[in-house]
A.B. asks: 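Dropping a structure here in structure tokens format, bear with me for questions.
In what follows, chains carry the letters A, B, and so on, assigned in the order in which the sequence lines appear, proteins first and then strands, with residues in each chain numbered from 1. Computed from a predicted model, the values in this text were never measured in an experiment.
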Amino acid sequence: MATDLTQEFCALRDTYIEKQFGRLNDMQRQAVFTTDGPLLILAGAGSGKTTVLVNRIANLIRFGSAHGSRQTPRPATEDDVKALRNAIMTGTDAPSWLDGMLRQNAVRSWNVMAITFTNKAAGELKERLRRMLGGEEGDEVFASTFHSACVRILRRWAEEIGYPRSFTIYDTDDSQRVMKAVYKDLNVDDKFLPIKAAINQMSRWKDQLVSPEQALASPAKDTKGALTARIYAAYEKRLKEAGAFDFDDLIYQTVQLLAEHPDVREFYQNKYRYLLVDEYQDTSVAQFRLVSLLTGPERNICVVGDDDQSIYRFRGATIENILNFEKLYPGTKTIRLEQNYRSTSNILNAANCVIQHNTERKGKTLWTDNGEGDKVQVYTAENEQDEASHIADVIGQHLKEGGHLADHAILYRMNAQSAPIESYFTRAGIPHKIVGGQRFNDRKEVKDIHSYMSIVANPRDDVRLRRIINEPARKIGNTTVEVIADLAAQEGVSMLDIISHADQYAKLSRAVMPLLKFWQIYQRLQDSLETRTLDEFASDVIELTGYKAMLEADAAKGHEDAADRLQNLGQLVNNVKNYCDQHGEEATLEGYLEDIALISDIDSYNESADQVVLMTIHSAKGLEFPYVFLIGMEEGVFPSEMSKYSEADLEEERRLAYVGITRAKKELYISNSVSRMLYGRTQRNEPSRFLREIEPEYIEETRSPVLEQRSRLGGWGSGYSDTVPGGASGYSGPSGWGRSAGGYGGGYGSGYSSGGRSGYLNREYNAGEGRGFGSAYANRGQSAGGYGSGYGRSGGSAGYGSGYGSAYGSGKTNGAAQQNTAKQINFTGTPAPKPVSSGPKHYEPGDIVEHKVFGRGQVVAVKPAAGDQIVEINFDKVGIKKTMANFAPLTKITEE
DNA sequence: TTGGCTGCCTTTTTT
DNA sequence: AGGCAGCCAA
């Protein structure tokens with residue numbers, strides 16, 4: 001009888017628990033209820049991956065392995081059954097006295113570890129756990145990134161492997177500085193082996209857990225390989241001396257620690273009995289090893305990933321980790337999540353079309369029961385300004401229909417592509433935010449202050465010391481620094497140790513005063529750290545080091561960016577303050593420095609501001625937006641030039657395209673531009689192959705009106721300019737030539753001399769557009785009054801005219817007189833490409849204007865600025881905004 | 001040692 | 001195009 005009751009209770013318990021996760025689909029629920037043993041979740045884009053992770057953790061903590069189990073801790077009673085049935089029927093929580101019966105083998109929250117790639121993802125996970133489980137239990141789950149988790153482990157055990165507890169984390173810039181020193185030491189020429197190449201190789205070795213010894217021992221394929229191994233060894237030695245880890249070391253050294261110290265390993269295996277790893281497709285060999293070292297004998301390891309979204313191969317991620325997971329963990333249960341909740345079917349189908357062209361994949365097809373939605377809009381622009389203006393048009397349209405700026409994201413392949421959009425949006429007054437690119441913490445002044453802060457935390461850090469020892473200038477030049485470094489090496493102490501006794505070294509006699517002064521500053525900083533709060537310490541650093549005085553002096557001299565820099569330092573102090581507020585008692589200098597080393601721009605991106613977001617597709621992974629603009633869909637841009645020659649690289653680009661497309665919820669806008677300025681020259685690019693891979697039924701194409709007009713006039717094909725080595729007839733640079741694919745009307749050549757000394761042509765382009773005009777100019781034309789003599793050449797194919805040009809010099813030294821005399825010679829009257837808006841405009845307060853994006857508004861103030869006007873407009877819908885008169889998409893309606 | 005100039009190089013993505 | 005490093009001159 002009791003057995004029957006227990007059986008009934010178990011069945012009811014399943015129902016009850018399932019009801020708790022009733023909003024999940026079958027596959028998702030399966031994933032949630034698979035609590036023990038290895039589990040691989042293949043989660044397509046938008047398939048509710050984070051939801052599954054959160055719910056799975058919640059289930060572990062609330063019910064453990066109760067679901068599906070036919071046993072209970074004690075035999076069930078009739079009261080148990082009744083109470084549970086009642087809870088199910090009424091949809092209420094079961095009474096707490098049933099807890100023991102329901103929470104069979106429930107996992108304690110601090111036994112769960114969830115690893116993600118970005119702080120943002122970790123934060124989101126924590127936030128959602130908090131909401132689901134409540135503050136106490138939610139917060140006790142350890143959710144962090146690979147790198148933060150490693151830092152945490154290393155902080156605790158650093159001394160075991162010969163590092164100081166307050167080790168420094170080096171960023172790429174620091175690494176490069178170390179590398180330069182190593183090159184000098186080993187007498188390596190960076191022309192023979194570029195520093196970047198060495199760093200890259202070293203980084204790959206660390207990703208693959210190859211030690212310097214192994215690298216040295218491995219049969220070198222060539223001299224460069226052998227040399228790189230020696231460089232690697234020397235680099236590691238330096239880092240160890242400085243008590244520093246670089247990004248790769250954080251993982252690598254943690255793996256070494258866990259592998260070589262069974263006690264440490266067991267400590268963590270006992271502590272974290274349930275492991276979850278997000279974005280598993282982006283793990284490296286080292287990260288895989290780390291995860292397996294943390295996984296205890298119970299093998300409660302759950303990984304979530306999507307092989308189609310693996311986009312970090314270039315930095316050591318190996319897609320094999322996910323492809324081979326089942327082999328490495330026999331008995332793995334694999335669950336596929338293929339239902340997409342994010343996008344319309346048109347968007348999803350477009351994504352599927354593209355990704356199907358890849359061969360190296362597990363294979364899965366996303367589907368959705370969301371509606372068809374609008375077709376994917378493909379726009380061919382004339383140039384990047386046109387592309388920007390088109391995007392502004394669309395956004396403006398959406399705003400008129402009641403949409404929000406923040407619902408729009410502009411995604412691109414590389415950071416450089418943000419510039420034209422940024423400039424257009426700024427001038428048009430469209431609020432936007434660029435995520436990524438130059439990070440705040442990468443700014444020179446910010447890094448300098450951080451360097452000061454970090455040498456107080458870690459006096460051994462010679463790299464950072466060198467960075468700031470003469471910043472601001474305090475008469476400690478290179479020669480002196482090298483002498484100190486030599487002395488330090490001789491005595492086996494840090495450079496700061498030498499500086500503290502500078503008066504004892506004859507070799508330093510000339511620089512004794514400045515050095516002792518520096519030492520004094522250092523001591524005052526140490527003192528400040530001990531006696532004041534962290535943010536006060538930060539502002540002391542800015543003051544006591546003379547940094548502030550230096551910038552103020554610069555600003556007084558009229559140095560333009562000095563004021564900005566001062567402001568940035570103010571922001572830095574604010575950031576320290578925020579850090580303190582967040583961490584309260586636990587705020588430490590090391591902690592702050594760690595944060596800034598590991599936290600990226602995207603982590604602080606906050607959706608709440610009503611702005612259009614601009615970021616790379618890489619940064620956008622894991623995010624979603626109602627309206628997405630995927631720009632620069634051109635061969636040579638996306639896929640990038642560098643990936644064109646390798647099939648594996650191309651597949652990665654395609655996965656990136658897939659990631660980009662699947663960010664869109666409601667509408668996707670893809671654009672390509674016929675001509676684009678890239679790396680300082682104008683290129684003509686074919687539309688991306690990824691664009692052609694999308695079945696026509698899912699897309700709707702439009703071309704820029706300018707292009708339409710031109711093709712009516714002349715009918716042009718697909719001319720573009722190619723680059724071939726020059727060399728003949730005294731050309732120093734490459735010379736370009738135009739090629740015609742299908743009979744077009746004109747060509748123009750524009751050449752300019754870059755060196756300027758003898759006025760020869762350095763580069764020349766012919767492009768299949770326009771009607772044959774050309775202009776050549778000298779870039780730094782110093783000779784002959786700043787002239788270069790330029791001409792366009794017709795390069796090979798019949799059918800377009802020869803362009804030629806007028807030359808001018810814009811040399812900074814003596815070409816000024818010729819400046820602005822450039823003429824675009826126009827032979828046929830065909831209009832030259834138009835600027836964003838034509839003709840100078842003048843506004844006066846009271847004018848009623850129509851803005852393409854913001855709609856109707858009234859001018860409230862006008863300020864002249866650099867040949868233009870800053871117009872302040874009060875818009876009916878969005879309030880007051882400032883725009884540049886000549887660039888904003890503005891039309892004057894009436895004057896009042 | 002500093003500061004200015006020239007010439008050189010980079011331009012894929014980032015924790 | 002633009003930034004930076006290294007070189008040279010003061």
Side-chain angles (χ1 to χ4, degrees), chain A residues 115-122 144-151 169-173 176 180 190-191 194-196 200 203 206-207 245-251 279 282-284 286-287 310-317 411-417 419-420 435-439 442 444 470 472-481 510-511 514 594 596-603 615-621 632 636-644 649 652-653 655-657 659-660 677-683 732-733 752 754-757 762-763 779-780 782 810-813:
Chain A
I115 310 181
T116 64
F117 268 83
T118 62
N119 297 291
K120 190 175 166 66
S144 93
T145 64
F146 269 105
H147 290 86
S148 317
C150 287
V151 169
I169 302 170
Y170 277 1
D171 62 18
T172 9
D173 181 76
Q176 273 182 28
K180 269 181 201 153
D190 67 352
K191 296 232 167 49
I195 287 193
K196 268 198 152 176
N200 219 18
S203 181
K206 290 183 190 174
D207 286 337
F245 296 111
D246 67 18
F247 283 137
D248 302 312
D249 282 337
L250 293 177
I251 314 282
E279 307 281 14
D282 287 328
T283 49
S284 64
Q287 283 161 333
S310 163
I311 54 175
Y312 285 108
R313 206 180 70 105
F314 72 94
R315 68 163 202 227
L411 308 182
Y412 34 81
R413 176 70 242 267
M414 53 188 174
N415 277 311
Q417 284 172 265
V435 175
Q438 239 252 358
R439 300 182 310 168
D442 288 342
K444 178 178 163 27
N470 204 29
R474 41 174 84 91
K475 301 197 190 304
I476 305 174
N478 245 328
T479 331
T480 310
V481 172
R510 287 177 71 191
E594 189 176 307
I596 55 160
L598 297 178
I599 289 180
S600 74
D601 227 29
I602 183 82
D603 300 323
M615 64 176 97
T616 63
I617 303 170
H618 281 88
S619 301
K621 192 172 72 155
V637 177
F638 195 10
S640 89
E641 195 64 36
M642 339 277 285
S643 64
K644 274 182 152 173
D649 286 348
E652 175 137 317
E653 294 283 301
R655 290 192 292 270
L656 193 57
V659 169
M677 172 88 116
L678 211 58
Y679 314 137
R681 40 190 288 226
T682 304
Q683 297 184 349
S732 75
Y752 63 91
S754 158
R757 285 235 166 79
N762 185 8
R763 285 176 201 148
N779 182 7
R780 275 180 185 144
Q782 278 185 314
S810 74
K812 284 168 194 159
T813 22

A.B. asks: Just call it for A/Phe247: base, sugar-phosphate, or nothing, with non-hydrogen atoms closer than 4.0 Å on any strand.
C.D. replies: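 The residue A/Phe247 makes base contact.
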A.B. asks: Please round to the nearest 0.5 Å and tell me the distance separating atom OG1 of A/Thr145 and atom CG of A/Asn119.
C.D. replies: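 CG of A/Asn119 is found 5.0 Å from OG1 of A/Thr145.
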A.B. asks: Whole-Å distance between C/dG3 C1' and A/Gln176 CD?
C.D. replies: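 My rounded result for the distance is 14 Å.
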A.B. asks: Would you say A/Ser619 reaches B/dT13's phosphate, i.e. side-chain N/O to OP1/OP2 under 4.0 Å?
C.D. replies: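 Checking A/Ser619 against B/dT13: no side-chain N or O falls below 4.0 Å of OP1 or OP2.
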A.B. asks: So what does A/Asn415 hit on the nucleic acid, given a heavy-atom distance under 4.0 Å: a base, only sugar-phosphate, or nothing?
C.D. replies: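 Sugar-phosphate only.
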A.B. asks: Check every atom of C/dA1, B/dT14, B/dT10 against the side chain of A/Lys196 and return the nucleotide holding the closest atom.
C.D. replies: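 Per side-chain heavy atoms of A/Lys196, the pick is B/dT10.
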A.B. asks: Checking contacts here: which listed nucleotide (B/dT14, B/dT12, B/dT15) is nearest the side-chain heavy atoms of A/Thr145?
C.D. replies: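 The closest nucleotide is B/dT15.
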A.B. asks: Need one value for A/Met642: base, sugar-phosphate or nothing, where a base atom within 4.0 Å counts as base even if backbone is also close, heavy atoms only.
C.D. replies: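 Touches a base.
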A.B. asks: Give a yes or no on whether the backbone of A/Asp173 and the side-chain of A/Gln176 come within a donor-acceptor separation of less than 3.5 Å.
C.D. replies: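 Flag not set: sc A/Gln176 to bb A/Asp173 has no pair under 3.5 Å.
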A.B. asks: Starting at the 5' end of DNA chain B and moving along, which residue's nearest nucleotide shows up first, A/Leu598 or A/Arg413?
C.D. replies: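 Of the two residues, A/Arg413 wins.
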A.B. asks: Taking NZ, NE, NH1 and NH2 as the nitrogens, is one of them in A/Asp282 or A/Arg315 under 4.0 Å from a carboxylate oxygen of the other?
C.D. replies: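 No.
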A.B. asks: Is the side chain of A/Asp246 donor-acceptor paired with the backbone N or O of A/Tyr170 at a distance under 3.5 Å, no angle test?
C.D. replies: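 No, because the side chain of A/Asp246 does not come within donor-acceptor range (under 3.5 Å) of the backbone of A/Tyr170.
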A.B. asks: Return the value, rounded to whole Å, for the distance between atom CD1 of A/Ile195 and atom P of C/dA5.
C.D. replies: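 Rounded to the whole Å, the gap is 10 Å.
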A.B. asks: Tell me the interatomic distance from A/Lys206, atom NZ, to B/dT15, atom C1', rounded to whole angstroms.
C.D. replies: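 Taking atom C1' of B/dT15 as the reference, NZ of A/Lys206 is at 14 Å.
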A.B. asks: Tell me the interatomic distance from A/His618, atom NE2, to B/dT12, atom P, rounded to whole angstroms.
C.D. replies: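 My rounded result for the distance is 12 Å.
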A.B. asks: Just the rounded figure in Å: distance from C1' of B/dT14 to OH of A/Tyr412.
C.D. replies: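 My rounded result for the distance is 14 Å.
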A.B. asks: Does A/Tyr312 reach a base, just sugar-phosphate, or nothing at all? Heavy atoms under 4.0 Å.
C.D. replies: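 Sugar-phosphate, no base atom in range.
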A.B. asks: Planes under 30° and centres closer than 5.5 Å, is that true for A/Phe117 with the base of B/dT15?
C.D. replies: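 By the stated criterion, A/Phe117 and B/dT15 do not stack.
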A.B. asks: Kindly say whether A/Val637 contributes a backbone atom to a donor-acceptor pair with the side chain of A/Arg413 at under 3.5 angstrom?
C.D. replies: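 Not at all, since once roles are kept as given, no pair shorter than 3.5 Å links the two residues.
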A.B. asks: Taking atom C1' in both C/dC4 and B/dT13, what distance in whole Å separates the two?
C.D. replies: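 That atom pair is separated by 23 Å.
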A.B. asks: Between the side chains of A/Lys644 and A/Glu653, is the shortest nitrogen-to-carboxylate-oxygen separation below 4.0 Å, so that they form an ion pair?
C.D. replies: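 No, no charged N to carboxylate O under 4.0 Å.
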A.B. asks: Given atom CZ of A/Arg655 and atom P of B/dT13, what is their separation to the nearest angstrom?
C.D. replies: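 Value for this atom pair: 18 Å.
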A.B. asks: Whether the side chain of A/Asp207 engages the backbone of A/Ala286 through a donor-acceptor N/O pair (distance < 3.5 Å, no angle test) should be reported.
C.D. replies: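 Judged by distance alone, no pair lies under 3.5 Å.
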A.B. asks: Quickly work out the A/Asp248 CG to B/dT14 C1' distance and round it to whole Å.
C.D. replies: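 Result: 11 Å.
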A.B. asks: Are A/His618 and A/Tyr312 near enough that their ring centres are under 6.0 Å apart?
C.D. replies: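 Distance test on ring centres: under 6.0 Å, yes.
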A.B. asks: Give me the distances for all protein-to-nucleotides 1-4 of chain B N/O pairs that come in under 3.5 Å?
C.D. replies:
unit_1, atom_1, unit_2, atom_2, d
B/dT1, OP1, A/Gly477, N, 2.7
B/dT1, OP1, A/Thr480, OG1, 3.2
B/dT1, OP2, A/Thr479, OG1, 3.1
B/dT2, OP1, A/Lys475, N, 3.2
B/dT2, OP2, A/Asn470, ND2, 3.0

A.B. asks: Check the distance between B/dT14's P and A/Ile617's CD1 and give it to me in whole angstrom.
C.D. replies: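 Spelled out: CD1 on A/Ile617 to P on B/dT14 is 11 Å.
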